[in-house]
Amino acid sequence: MTTIQAGTPASHAAPDGVGQPTDPAGATGRLSSWLANTALNDVPPIVRERAKHLILDGIACALVGAQLPVSRLGVKAVTALDDAGDAALIGWGMRTTSPTSAAMLNSSFIQGFELDDYHPIAPLHSNSLVLPAMLSAAHRIKSVSGARFLLGAILGYETGPRVGQALGSLDMLSRGWHSGVVFGTLSAAAAAGTIYGLDGAGFEDALGMAATQSSGLMSAQFESMVKRMQHGFAARNGLTAAALAAAGYTGIKRVFERPYGGYLATFGQGHHTDATAIYEGLGAQWETQRIAVKPYAAMGLLHAAIDAALRLRATGEIVVGDIARIDVYMAEAAYSHGGWQATRPLTTIGAQMNVAYAVAVALLDGSVLIDQFRQRRINSDDVWNLIDRTHTHHEKSYDVLPASQRLTTRVVITVRDGTIREQLVTQPRGTGDHQLTNADIVNKFRSLTHRVIERRRQDEIQKMVLGLETLDDIAILTDVLTPPVNSALS
């Protein structure tokens, strides 16, 4: 194991077998070796470019989320408990907490309004994991180049979805786990481990310590605020795992393949797992390119229903006042996660997780963004008139579709005269063949952030992120992200 002193990245060099994973042929060993030995030049230019735009999207979400009421409450509570440190909080103009607490809070900002990315097959929100962990690691290491930061993001983007697919992908949501928090510690550890410069053995240790800190209950989506913070727990835990590994602290070896107490064996009880998904295609098939950027401020598994509702609205054949019944047919994970019966009072988080609410505002407003999740809109009678007429169904035939079509949703509207109109969406906007382009992501960044920062700051952030490889020190970007922002709800 290569050890480091604070502020100094570990070496990738591993002479005479030192620094190699315990079992280089196993799933943990293969992933650890790949993480340690991959350089930015090994990543195709198209993947690097996509990754920079994903980072830009994550930063947009952080700036929008930083001064939300739930974020303010989180900052107040955490900094009261942990006020020793000088790590930066995005959009706050303050450096008064530790790197671990900063990672947790910055993550909660990215998750703050449900606008951040998701992986459509192995659901997790990658930016809320990798960016906060890397910013905090870079704060400790000092002088981390933009190129190294970009590499860390890509390796984090690659790790979480692969682990998630090995663990059964959407099955974790169906069983009630907050899947992104279970997979996400590994993303954060891979990203932060890149900043620390871990070797193969170091990554194995970091992954082992990240895996044992994985957790997260999806019941957080109902009355609580903690859904916003749970990816932050994972970002903090992955960061801690990488820091421990960098110091020479030994983690669980072969954590993915252990039959007793291993990650897949334990979390995968009750459904199929596949360790080969962790390493097959590494360096050839890029999960970074499958990460979906959201066009709507709602849980990703609802986006097919939103698309269907917007298409029905666009036909001009639906008069909302004439709707007698709405039926929504969904696969198991989407139904379990978003098909529950909404009742008043409904929180913002609950509204963003509920398909009946999302379909209602799509039909009424033609938009599902920030304004649709203000409390006055959530409490509106016209919305609840449609929610009360909405019926959700688990369509079992959708559960056996190819993975790329597992978000398939059908919305059927019956009007008072008995006429039926319906739309079937197999791949929602933002995923698969309907991904947002890089230009779309830039437009989203500017559209979202114009409420909270001035144009000059928008320009500066955009230029730095899209030219990330040219930055000598990521601290330059951190300095631009840290000053206070306006409230997105003002």
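Side chains are part of it too, since the values below use all heavy atoms of this structure and drop only hydrogens, waters and symmetry mates. Residue numbers run from 1 in the order of the sequence given.
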Could Asp440 and Arg429 be called an ion pair, given the rule that one side-chain N must be under 4.0 Å from one carboxylate O? no
Centres of the Tyr157 and Trp286 rings: under 6.0 Å? no
Check: Trp34 ring centroid to Phe203 ring centroid under 6.0 Å: no
Closest heavy-atom pair and its distance - Ser367, Leu310: N-CD2, 4.2 Å
Got a donor-acceptor contact below 3.5 angstrom from the Thr449 side chain to the Ser447 backbone? no
Between Arg72 and Gln67, is there a side-chain donor-acceptor contact under 3.5 Å, judged purely by atom types and distance? yes
Passes side-chain hydrogen bond (donor to acceptor under 3.5 Å, both in side chains), His125 versus Asp117? Steps please. CA-CA 5 Å; His125 303 285; Asp117 65 275; 5.4 Å; no
Between Tyr335 and Tyr329, is the ring centre distance below 6.0 Å? no
Dump the intermediate steps for side-chain contact (heavy atoms from CB on, under 4.5 Å) on Thr28 and Asp23, then the final yes or no. CA-CA 8 Å; Thr28 309; Asp23 177 12; over 6 Å; no
Run the ring-centre check on His303 versus Tyr118 and record whether the distance is less than 6.0 Å. yes
Judged by modelled atom types alone, do His178 and Gln230 share a side-chain donor-acceptor pair under 3.5 Å? yes
Establish, from distance only, whether the side-chain atoms of Arg236 and Gln213 form a donor-acceptor pair under 3.5 Å. no
Quick one about Glu204 and Thr22 (side-chain donor to acceptor, distance below 3.5 Å, no hydrogens or angles considered), yes or no? yes
